[in-house]
Protein chains: 2
Amino acid sequence: MNSTPRSAGIKDIARALGISIGTVDRVLHNRTGVSLKTKARVLETAEKLGYKPNLAAQALKLNRTIEIAVVLPKQISHFFDPLRAGIRSAAEATVGMRVKVTFHEYPRLGQGDGELLESRLKEKCDGIIFTPGNPRKLDSIINRLTAHGTAMLCVASDAPSSERIGLVSAHAYTSGALAAELLAHKLARKAHVATITGELTTLDHADKLRGFAATLAMLAPHLSLLPAVESHERPKEAYRQTIALLRGETKPQGLYISTANSVPVLQALEEEGLLGKIQVVTTDLFQELVPLIETGKILATLYQRPFTQGKVAFESLVAYLLEEKKASPMIRLAPHIIFRSNLPLFTDRLDDLTDTSQS
Amino acid sequence: MNSTPRSAGIKDIARALGISIGTVDRVLHNRTGVSLKTKARVLETAEKLGYKPNLAAQALKLNRTIEIAVVLPKQISHFFDPLRAGIRSAAEATVGMRVKVTFHEYPRLGQGDGELLESRLKEKCDGIIFTPGNPRKLDSIINRLTAHGTAMLCVASDAPSSERIGLVSAHAYTSGALAAELLAHKLARKAHVATITGELTTLDHADKLRGFAATLAMLAPHLSLLPAVESHERPKEAYRQTIALLRGETKPQGLYISTANSVPVLQALEEEGLLGKIQVVTTDLFQELVPLIETGKILATLYQRPFTQGKVAFESLVAYLLEEKKASPMIRLAPHIIFRSNLPLFTDRLDDLTDTSQS
DNA sequence: TTGAAAGCGGTACCAA
DNA sequence: TTGGTACCGCTTTCAA
């Protein structure tokens with residue numbers, strides 16, 4: 001039966017000491033020009049009275065405009081559109097501060113991202129939310145922007161050796177591990193499993209594969225892993241390579257598609273008559289997957305919660321920019337496992353990207 | 001390459017029309033004393049300029065203190081402690097408004113909740129967050145508090161025929177459905193499955209059971225469901241009834257424990273030497289479950305995200321109290337399925353309830 | 001029916 | 001080293 005402490009204002013403490021609010025303000029903000037003993041007295045009574053700044057007043061007065069640029073690829077829109085929607089949603093919900101967000105697009109991961117970031121050097125902004133497709137290539141420009149005073153926040157995938165301020169993503173290693181565990185649950189006998197990924201230079205994809213391989217080795221030693229297939233996020237290549245895989249010598253009984261770009265892979269499976277025959281775990285959720293999950297042709301999909309990633313990324317970046325202490329945000333969301341029976345909880349949001357739902 | 005619309009203030013629109021801010025304010029708040037045509041003109045330019053009230057200024061001027069009471073049981077602390085922590089976390093994060101939160105506890109669901117709510121009639125507050133254990137019994141007091149001007153928000157379980165303003169909970173039906181699907185994946189042959197629940201008068205528990213039964217019938221007709229066991233959230237009764245169940249004539253091969261109170265049930269399983277022999281799906285997460293999931297003795301647990309429930313409940317209630325339009329918040333979170341391989345993502349938070357993590 | 005002006009609780013600048 | 005004060009955007013009262 002306790003309650004949050006009563007809060008005193010700045011003039012309460014000024015009145016209590018018979019001094020001016022200016023002085024109190026100086027003390028509370030560690031500004032120069034206050035004698036040590038008044039400073040001590042102010043701090044003491046501030047503590048005693050339970051001073052809590054009125055954030056509304058503070059925000060009103062400061063009225064700072066934070067400018068944030070969002071630099072994300074157009075492809076894969078299944079993933080990046082809801083991510084952008086999450087950013088918009090969080091931006092609209094900001095209270096007590098002006099935030100200006102601009103969105104910038106380039107074709108796909110690795111194609112034009114460096115250049116677009118480069119161009120951001122001209123129009124200085126407070127922070128940039130972006131996805132490093134190929135971290136090695138981008139480290140230099142990230143560091144230059146950082147040196148320029150721009151807070152760089154990675155979303156969806158990391159660039160750990162750069163000077164980015166932090167990361168918001170799904171926990172990629174765990175996604176891979178889950179995929180392995182799910183396949184292990186369904187494949188009781190000795191079999192081969194395969195993975196199809198986007199681009200192994202992208203850390204997120206590499207992490208998934210690591211989690212997958214490690215967990216497979218631990219939980220399902222009877223399943224052996226075929227070499228990973230890299231689709232480079234190109235539909236045609238994904239299709240071609242999948243066909244090759246399925247017609248290869250050792251045929252997989254289980255398949256983990258670790259990129260959201262799964263349509264061409266599923267098409268290949270369909271054409272080879274293998275949909276429903278082999279166990280498939282996919283990544284993320286979009287319209288084409290729904291009937292396949294409903295009919296059990298896909299065992300499960302690992303939803304990376306792009307909307308939430310965007311929302312959290314935005315909130316983290318703003319918090320970082322406002323904080324004094326500047327803790328580095330490192331947030332890995334738990335992926336949602338979507339089966340047939342919880343699918344309806346996630347489908348409503350496929351059309352309506354402005355939804356603010358909390359899953 | 002678009003940007004979020006610039007927001008105009010009240011004086012921007014006053015200036016644009018050459019009128020005073022007082023008039024604009026009257027229009028925007030639907031107050032009397034404005035001619036119809038000025039009203040129309042104001043609304044039009046407000047729309048055109050993209051008027052967005054400065055919430056900081058609004059809060060500062062109004063300087064209202066929202067008082068919220070939280071009325072929740074002490075038991076089951078695994079669940080309600082993190083839920084309270086979520087509320088605290090959200091309360092601390094409020095910007096630009098004074099919110100006072102008081103916490104009130106009663107022993108367990110159905111024991112003293114009515115009385116404690118009753119006592120809230122005396123100290124009027126703006127809103128109450130609470131869990132209706134037995135909705136029928138509480139409907140009357142909920143309605144009286146509502147009539148009294150208090151916004152009643154259900155958390156964790158609903159009281160649909162009362163005049164509560166809304167609900168924040170995990171999606172109970174889906175929890176049950178998932179439990180059934182998981183058991184169906186693991187039990188390929190004809191078998192019996194059983195459920196152990198808390199109290200079927202609690203809507204949340206009834207919904208879980210409905211989801212479980214319906215999904216079992218649809219996805220796994222080879223599994224037959226034994227009559228539900230009600231533990232009434234009492235450890236001894238749960239233990240006794242589980243023993244009876246396990247020694248009964250038709251022995252279950254799968255078990256769904258739909259209340260967070262699973263320890264006595266697991267103890268009974270252990271003593272009967274059945275842990276690891278029959279498939280078990282539990283609810284929520286706490287220290288005792290961790291080793292059982294790690295060793296595969298529990299197939300999975302359905303995490304109802306109590307921290308997030310608390311956080312979202314608080315935010316929804318505050319939004320409701322601040323909004324003019326008063327949309328009824330009805331939020332069902334997607335439960336997280338916790339397997340062995342994603343368990344580490346959830347364990348870190350078991351000790352540290354003040355954590356603000358986003359899973 | 002409308003306009004003018006006083007604050008809400010801080011911040012920051014200028015004067016003392 | 002201090003005190004005084006204008007101002008942030010909005011609400012509200014009083015006067016016109």
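Just so we're on the same page: letters track the sequence lines, and every chain starts at 1.
Side-chain nitrogen and oxygen atoms of A:T38 include at least one within less than 4.0 Å of the OP1 or OP2 phosphate oxygen of D:dT2. Side-chain N/O atoms of A:Q58 include one lying less than 4.0 angstrom from OP1 or OP2 on C:dT11. Between A:S20 and D:dG4, a side-chain N or O to OP1/OP2 separation shorter than 4.0 Å is absent.
Between the A:S162 side chain and the A:N143 main chain, no donor and acceptor come within less than 3.5 Å of each other. Remark: side-chain polar atoms of B:R305 are paired, donor with acceptor, to backbone N or O of B:A334 under 3.5 angstrom. No donor-acceptor pair under 3.5 Å is formed between the side chain of B:S169 and the backbone N or O of B:S157. Between the side chain of B:T146 and the backbone N or O of B:I142, at least one donor-acceptor pair lies under 3.5 Å. Between the side chain of A:S77 and the main chain of A:K74, no donor-acceptor pair closer than 3.5 Å is present.
Checking C:dG9, D:dT11, C:dC14 against every side-chain atom of A:A57, the shortest atom distance belongs to C:dG9. Nearest to the side chain of A:D25, among D:dG3, C:dT11, D:dC10, sits C:dT11. In the set C:dT11, D:dT2, C:dG9, C:dT11 carries the atom at the smallest distance from any side-chain atom of A:I21. Distances were taken from every side-chain heavy atom of A:S35 (C-beta onward) to each of D:dT1, C:dG9, D:dG3; the shortest belongs to D:dT1. Closest contact between the side chain of B:L60 and the listed nucleotides C:dG9, D:dT12, D:dC10 involves C:dG9. Side chain of B:R31, nearest nucleotide from D:dC10, C:dC8, D:dT12: D:dT12. Among the nucleotides D:dT11, D:dC10, D:dT2, the one closest to the side chain of B:H29 is D:dT11.
A straight line from CD1 of A:I19 to P of D:dT5 spans 17 Å, rounded to a whole angstrom. Here C:dG10 presents its C1' atom at 7 Å from CG of A:N54, a figure rounded to the nearest Å. Counting to the nearest Å, the P atom of D:dT5 and the CZ atom of A:R26 are 14 Å from each other. Look at NZ on B:K52: it is 14 Å from C1' on D:dG9, rounded to the nearest Å. In this structure, A:R15 atom CZ and C:dG9 atom P are separated by 10 Å, rounded to whole Å. Atoms NZ (A:K39) and P (D:dT1) sit 11 Å apart, rounded to a whole Å. For A:K11 and C:dT11, the NZ to P distance is 13 Å, given to the nearest whole Å. Distance A:I10 CD1 to C:dG9 P: 11 Å, rounded to the nearest Å.
A donor and an acceptor atom never sit less than 3.5 Å apart when one is taken from the side chain of A:K61 and the other from the base of C:dG9.
At the heavy-atom level, A:G9 lies under 4.0 Å from the strands shown only through sugar-phosphate atoms.
Residue whose closest nucleotide on DNA chain D sits further toward the 5' end, between A:L36 and A:G22: A:L36.
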Give the intermediate values and the outcome of salt bridge (Lys or Arg N to Asp or Glu O under 4.0 Å) for residues A:E67 and A:K124.
CA-CA 9 Å; A:E67 292 190 29; A:K124 194 171 186 319; over 6 Å; no
